[in-house]
Amino acid sequence: MARMLHYQRPWQQTRGASSMANLHEHVPRLLERCSHLNQLKQIQALLFGLAHADTQFFAFKLVRFCALKLSDLDYGRRIFDHLRSPNIYLYTAMITAYASHPEHSSSAFLLYRDMVRRARPRPNHFIYPHVLKSRSEPLEADIVHGHVLKSGFGQYPVVQTALLDSYSRSSSGVDSARLLFDEMHERTVVSWTAMISGYVRFGLMGDAMSLFEKMPERDVPSWNALIAGCTQNGFFSQALSILRSMISASTSEDGKTRGNRPNAVTVACALSACGHTGTLQLGKEIHCYILRNGLALDFYISNALIDMYGKCGSLIEARGIFDRTVKRNLTSWNSMINCLALHGQTRQAISVFEEMMTFGVDMLPDEVTFIGLLNACTHGGHVERGQAYFEAMTQDYGIQPWIEHYGCLIDLLGRAGKFEEALQVIGAMKIQPDEVIWGSLLNGCRVHGDIDLAELAVSKLIELDPDNGGYGAMLANLYGEQGKWEEVRRVRKTLKERDAYKTPGCSWVEINNQLHQFYSVDLTHPRTDEIYTVLESLVDAG
DNA sequence: CTAGGGTTAG
């Protein structure tokens, strides 16, 4: 670097005004070549040694460099703090830097507050969106709103939209966001979309939809907000039908497309919806669309493809995309592991995890990874291995188990008939056991014919979920299997009195563009005989 | 120099 600087100081050969102009050109160019803090310090020493009038300009460049290239906000702040009175550009640069690093987001607001207290420099309307992006405190939007009104920027659509967005992200803030939205004189497509996303985040899909219907104009992000809202709230087929509307709205009569065509964000959501609904054919079409339109295979898209193919049962395709994806993030690994687990590929799921482990601290597993692993172990009946993973998760990785992890563990132990250990786990849980936990235990009791424990599980289940008759029906079946008909009659009578009917389990699969749907104990499919013949042969083979 | 949209688990 010293050598580089030696040859890269053209301003030393010129004097006066032209030397300053050269500095303005060459400092950014020098910064582009630098990649380490030490190199930056050399430039800094040179600049501040000159003590010229444009200190603020160069400090601005250096702060931005610290934030964007080095991610060293503390050093950026030191440069900032050396200035006697930083101008609005410096405050904006420093606040933007903090706001874009989640772990520093509270500093963004604190620095803004300092600026307001000093009353110098005066804020401009550009700074508010940056300040609001940090979202450190729930009351922050209110405070900033007050400042905005006082400083006279209250009617700037961009500032209002940033405020609206900030309100809508704070808990129970959608109503405040809506008030602001209703008061706005000038609403842009961005304001509408921000409001829709606010509704989406609290699961108010009805409000989101009706606002979307009323929008005077729509662009790609507004369609995406609605489609993403559907997938994030579990309305997967709805998401796909909105995708179809989007496509037909973007297709003119001559069959050519224009306007709001699906982009990378749209297809990432749509692929997720395809995975959840098993819509393999559409998923493949979307894959082609991605390739035809040269949409970049970024993390979101490649991971969504892995997930879609995996969930639809095309594990070879999923694995192919996973293997060809050079840049993988945690979600890539998790998607692959979870898909393999879903289809009972225990050995492969574990081997993908072990490959992931070779990256050490560069690719640490999280909660979702362990859900996949525990599911894989349950499918494969690897009780001890599953227990070891659970142990490693809490002990080695310091991950607090979710209720889902306990659900997997109880499922694993219950299927293996290890009821004593299962009860121990339930007793030691820091979270209140839910119906999944007792349901998993009950399932284990059914497999192993443990009536007493089944009674306990059912009583807990009825407490937690009184309207669901399925548990009682399961208990009745269990008595039936053991020939205890008196007990069967008793349970059925209670079920009838409580008017609790079993909601049947339902699954479906798409084969050759045709959807086949099955309820539990369902004999209505036209090829039922063949299906059950194959099923029985599979059971025999197992 | 400013505002809205994305993947995994349940």
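Just so you know, these numbers use all the heavy atoms, side chains as well, and skip hydrogens, waters and symmetry mates.
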[options]: which one has an atom nearest the side-chain heavy atoms of [X]?
{"X": "A:Gln232", "options": "B:dA3, B:dG6, B:dC1", "value": "B:dG6"}
{"X": "A:Thr161", "options": "B:dA9, B:dA3, B:dG4", "value": "B:dA3"}
{"X": "A:Asn124", "options": "B:dG4, B:dC1, B:dA3", "value": "B:dC1"}
{"X": "A:Asn263", "options": "B:dG5, B:dG6, B:dG4", "value": "B:dG5"}
{"X": "A:Ala268", "options": "B:dG6, B:dT2, B:dG4", "value": "B:dG6"}
{"X": "A:Val368", "options": "B:dC1, B:dG6, B:dA9", "value": "B:dA9"}
{"X": "A:Asn338", "options": "B:dA9, B:dG6, B:dA3", "value": "B:dA9"}
{"X": "A:His125", "options": "B:dT2, B:dG10, B:dC1", "value": "B:dT2"}
{"X": "A:Val158", "options": "B:dT2, B:dG10, B:dT7", "value": "B:dT2"}

Report which part of the nucleic acid [X] touches: base, sugar-phosphate, or nothing (heavy-atom distance under 4.0 Å, all strands).
{"X": "A:Val436", "value": "nothing"}
{"X": "A:Arg328", "value": "nothing"}
{"X": "A:Asp366", "value": "nothing"}
{"X": "A:Val267", "value": "nothing"}
{"X": "A:Trp192", "value": "nothing"}
{"X": "A:Thr96", "value": "nothing"}
{"X": "A:Thr188", "value": "base"}
{"X": "A:Ile301", "value": "base"}
{"X": "A:Ala93", "value": "nothing"}
{"X": "A:Ser272", "value": "sugar-phosphate"}
{"X": "A:His130", "value": "sugar-phosphate"}

Donor/acceptor link under 3.5 angstrom from A:Asp298 side chain onto base of B:dG6: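 A donor-acceptor contact between them is present.
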Atom-pair distance ([atom1] on [X]; [atom2] on [N]), nearest Å:
{"X": "A:Ile290", "N": "B:dT7", "atom1": "CD1", "atom2": "C1'", "value": "11 Å"}
{"X": "A:Leu295", "N": "B:dT7", "atom1": "CG", "atom2": "P", "value": "16 Å"}
{"X": "A:Leu164", "N": "B:dG5", "atom1": "CG", "atom2": "P", "value": "11 Å"}
{"X": "A:Phe370", "N": "B:dA9", "atom1": "CZ", "atom2": "P", "value": "17 Å"}
{"X": "A:Asn87", "N": "B:dC1", "atom1": "CG", "atom2": "P", "value": "15 Å"}
{"X": "A:Phe236", "N": "B:dG6", "atom1": "CZ", "atom2": "C1'", "value": "14 Å"}
{"X": "A:Gln160", "N": "B:dG4", "atom1": "CD", "atom2": "P", "value": "15 Å"}
{"X": "A:Ile306", "N": "B:dA9", "atom1": "CD1", "atom2": "C1'", "value": "15 Å"}

Between A:Tyr167 and A:Asp142: side-chain donor-acceptor atoms closer than 3.5 Å: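 Yes, A:Asp142 and A:Tyr167 have a side-chain donor paired with an acceptor closer than 3.5 Å.
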Using a cut-off of strictly less than 4.0 Å, decide whether [X] has a side-chain nitrogen or oxygen near OP1 or OP2 of [N].
{"X": "A:Lys61", "N": "B:dC1", "answer": "no"}
{"X": "A:Asn303", "N": "B:dG6", "answer": "no"}
{"X": "A:Arg187", "N": "B:dG4", "answer": "no"}

Contact check, side chains of A:Pro129 and A:Val158, non-hydrogen atoms, under 4.5 Å: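 Touching, per the 4.5 Å side-chain cut-off.
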Ring centroids of A:Tyr89 and B:dC1 base under 5.5 Å with planes under 30°: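 Yes; centroid distance and tilt both under limits.
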Separation between CG of A:Leu271 and OG1 of A:Thr231, rounded to the nearest 0.5 Å: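 Going from CG on A:Leu271 over to OG1 on A:Thr231, the span is 11.0 Å.
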Nearest-0.5 Å distance, CG of residue A:Leu305 to CZ of residue A:Phe322: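 A:Leu305 atom CG to A:Phe322 atom CZ measures 14.0 Å (nearest 0.5 Å).
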Cationic N near anionic O, under 4.0 Å, A:Glu285 to A:Arg244: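 No.
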A:Phe390 and A:Tyr406 aromatic ring geometry - parallel, tilted or perpendicular at 30°/60° bounds: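 Tilted.
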A:Leu340 backbone acceptor or donor facing A:Arg319 side chain under 3.5 Å: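 Checked: no pair found.
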